[in-house]
Amino acid sequence: MQIAAVADGVFQIPVPVPMPLRWVNCYALKGPDGWTLVDTGFHDPGAEAAWREAMDRLGIRPGDVEQILVTHYHPDHLGAAGWLQAVTGAPVVRMPERDAALVPVVWDPRGEQAWNLAAFFRRHGMPAEVAAAIREHHLQHRHLVEPLPEGLTPIADGEELRIGGRRMLAYWMPGHSEGLMVFLNPEDGLCLLGDMLLMKITPNVPLWPWGLQDPLAAFLESLDRMARLPVRLGLPGHRDLIPDVPGRAREIREHHARRLEEVRALCRAAGPRGLTGWDLSRGLFGDQPSIHNQRFAMAEALAHAEHLVQRGELVREEGGETVGYRLA
Ligand SMILES: [Zn+2]
């Protein structure tokens with residue numbers, strides 16, 4: 001395992017995840033009062049082994065961890081937090097307030113949201129067998145976040161935190177998740193990004209039945225705010241470090257402008273009969289190789305369609321069995 005020292009007292013730990021992104025970048029920050037661990041991976045044997053090796057090599061012993069910070073509620077970031085808390089005895093697990101509130105909703109032990117999500121996608125035209133596979137996929141992921149942390153402590157927008165000896169300010173940046181926050185040290189410009197910005201790939205902007213009504217509008221606004229922050233080095237949740245945060249934020253903004261143009265073109269081609277979210281997902285992303293990808297392609301297509309509905313460019317028709325979209 002390659003543990004990289006990315007700044008003074010800041011270490012990047014690649015924790016393997018069983019999904020196309022291959023690993024999640026977790027971080028360990030050393031401070032005078034102990035370590036802060038940021039993001040955790042899924043709770044599976046691969047993540048346990050990676051964390052044990054990392055703690056061994058960095059000399060982190062149980063009792064040395066003052067807090068665990070989770071940037072957002074997605075399972076590859078939250079998953080091993082409960083286990084890590086139990087192993088290290090970390091007194092607190094902190095998470096942005098809106099995502100902390102979503103944890104018991106999305107990861108409820110009865111898996112209610114798995115059924116809710118499948119029904120939502122069915123209503124948007126997804127074939128029954130694909131929706132059923134997505135329901136199973138969600139239920140399986142429920143086990144990869146167990147045990148959930150004891151007593152998640154919420155972080156408020158604008159709050160000042162001590163992370164590894166640094167003063168860090170929390171900025172709410174919704175869109176990729178409802179509550180995602182980035183954490184910036186205004187003195188040295190180091191910024192923990194979670195999945196707010198990524199290199200080479202763009203963070204998924206999904207419409208979920210439990211989430212924001214117009215996640216893309218929120219995300220575009222977050223990109224603009226992100227581009228104005230005095231960041232010198234961005235530490236993302238996946239892939240490479242981001243030296244030029246404003247530049248990457250602008251690139252991702254342009255990417256979504258092009259994608260919205262594709263949605264308009266698909267709706268124009270469909271004419272007055274319109275098309276479903278599933279048609280849009282196929283039109284934008286084609287055949288997807290896995291259930292995982294089909295889930296995110298569908299949610300991303302719907303986020304773009306709903307954004308154009310909110311802007312008055314598309315009409316959402318809910319009269320029939322299936323929801324349709326057509327040009328206004
Ligand atoms: Zn994420």
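Atoms within each ligand, like the ligands themselves, are counted from 1 in listed order. Each residue takes its place number in the sequence, starting with 1.
Taking the N/O/S atoms of H74 in turn, the shortest distance to the Zn ion (ligand 1) belongs to ND1. The atom of H72 that is an N, O or S and sits closest to the Zn ion (ligand 1) is NE2. For D195, the N, O or S atom with the smallest separation from the Zn ion (ligand 1) is OD2.
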Could you go through H304 and H256, starting from their C-alpha distance and side-chain angles, then the distance that decides it, and tell me whether this counts as side-chain hydrogen bond (donor to acceptor under 3.5 Å, both in side chains)?
CA-CA 8 Å; H304 284 75; H256 289 290; 3.0 Å; yes

When you look at V263 and L314, which way does the side-chain contact (heavy atoms from CB on, under 4.5 Å) test go after all the steps?
CA-CA 10 Å; V263 173; L314 294 188; 4.3 Å; yes

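Remark: R123 fails to qualify as a cation-pi partner of W278 under the 6.0 Å distance and 45° angle criteria applied to the six-membered ring.
Taking the six-membered ring for Trp and thresholds of 30 and 60 degrees, F121 and W208 have ring planes inclined between 30 and 60 degrees apart.
When distances to the Zn ion (ligand 1) are checked against a cut-off of 2.8 Å, D76 contributes no N, O or S atom below that limit.
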